[in-house]
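Counting convention: from 1, in listed order, for ligands and their atoms alike. All residue numbers refer to positions in the sequence shown, counting from 1.
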Amino acid sequence: MLSWDQSPSLARMRQERAWVEINLAALAHNVGQVKRLVLPGTQLMAVVKADAYGHGAVTVAQSVLHAGADWLGVATIPEGIELREAGIKAPILILGATNTSEQVRAIARWNLQPTLCTPKQALVFSETMAQLPGQTPLPVHLKLDTGMSRLGTSWENATEFAQLVQRLPNLAIASLYSHLATAESLDRTVVNQQQQRFEQAIAQIREAGITPPKLHLANSAGTLTDAALHYDLVRVGLALYGLYPAEHLRSVLDLQPVLQVKARVTQVKTIQAGTGVSYGHRFVADREMQIAVVAIGYADGIPRNLSNQMTALIQGQRVPQIGAITMDQLMLDVSQVPGLQEGEVVTLLGQDGDQVISADDWANALGTISWEVLCSFKHRLPRIAINQSLRDRFLESTR
Ligand SMILES: *Cc1c(COP(=O)(O)O)cnc(C)c1O
């Protein structure tokens, strides 16, 4: 195992103005927590769409597979190709819709597995596969709409849909699945209705003589709330990144946040009472103040709506952000941190000593959800992995 000081990522971090730190040990811990929650026969699909919720898809995928995930879930074909180009062999389900012949060819070429949502789409897939010589039947996953009103054939037409796909040449049904709309809610009415609809569809499809090899329904919230939703596989995103879909689920698992956002102090100065700070002078000092300029801004994904609303951590202390957050920089009131030097690391999101700023804190302040906060960090921020040993071992084992 590389110690902190020998880690090549540390050398890289020293160069950076701002970065996203990805704790691979926390990621592996979260995989272990989810696996302990589900029955041994239930597989884990790690959802790594949207660049693994902003954490970096390839690194995350390698790490979660090493930690015991069985499948990967992505939203788009390019997301799947990126993982295959990195040498990842695990089955990859594309959760989004794919419709054109060109897309079918890419899916077959890269050994990805599509979601089929409509009969029309199934016909395009079958016809395109017929034109590809020497192909084995393409595994396809049938998506039912049981109440999310997003992708999928209505549960009421599930049997006809399954029968059509079953009859079409060059396609092999690999799973039947649906997606929950309110799984984190304490009110179980909609979840129960969706599950009943899913069960009804399964029963009718089986009656028609078709047995889908796998059934799946649960996202993170479904996985954490009810074992009856686990079926053969759970599709988990948020919880793997160490966040809870709702506060009341904190007692179910011990999750550790994987991502931290850090930046460097680039200048420290003293300003007098009455001095305005940043664009619009939306903050005016009411006393002599020491302020720090930090090299991160809204172009890196720090929401400008948090101006004058957020805190940051520095030397284990919580300090207020002041004035408008600008494109590349923001200011902190560091009067309580005497002797602060340029180059000091500031934690915008994450932990420093016993102080924590979580994606939920930002989501609450912004009136959004932690999923959106995680996805908001831009590519200008390099993703730097710490506690790499697990991924290194994965890479060795696949060499
Ligand atoms: C994104 C997604 C998931 C994962 O959701 P989380 O709430 O992050 O666990 C599961 N299934 C489907 C179909 C999705 O689109």
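The atoms of ligand 1 that sit less than 4.0 Å from any heavy atom of L238 are 6 (P), 8 (O), 9 (O). Close approach of ligand 1 to R150 (heavy-atom distance below 4.0 Å) involves ligand atoms 15 (O).
Residue A221 has no nitrogen or oxygen atom sitting less than 3.5 Å from a nitrogen or oxygen atom of ligand 1, judged on distance alone. Between G237 and ligand 1, an N or O atom pair is found at a separation short of 3.5 Å.
Residue-ligand proximity: E184 is placed with every non-hydrogen atom at 4.0 Å or more from ligand 1.
Protein heavy atom nearest atom 7 (O) of ligand 1, with residue, atom name and distance: W371 NE1, 3.2 Å. Atom 8 (O) of ligand 1 has its closest protein heavy atom at Y53 OH, 2.5 Å. The nearest heavy-atom contact from the protein to atom 9 (O) of ligand 1 is S220 OG, 2.5 Å. Protein heavy atom closest to atom 12 (C) of ligand 1, with residue, atom name and distance, is H179 CE1, 3.4 Å.
Distances from atom 2 (C) of ligand 1 to the heavy atoms of K49, R235, H216 put K49 nearest.
A cation-pi geometry, defined here as NZ or CZ lying under 6.0 Å from the six-membered ring centre and within 45° of its normal, holds between R197 and W155.
A donor-acceptor pair shorter than 3.5 Å can be found between the side chains of H141 and S175. No donor-acceptor contact under 3.5 angstrom links the side chains of H29 and N23, judged on distance only. Defined by atom type and a distance below 3.5 Å, a donor-acceptor pair is missing between the side-chain atoms of S185 and D187.
Between Y231 and F198, the ring center distance clears the sub-6.0 Å criterion.
Using a 4.5 Å cut-off on side-chain heavy atoms (C-beta onward), L330 and L332 make contact. Using a 4.5 Å heavy-atom cutoff, the side chains of T275 and V284 are not in contact.
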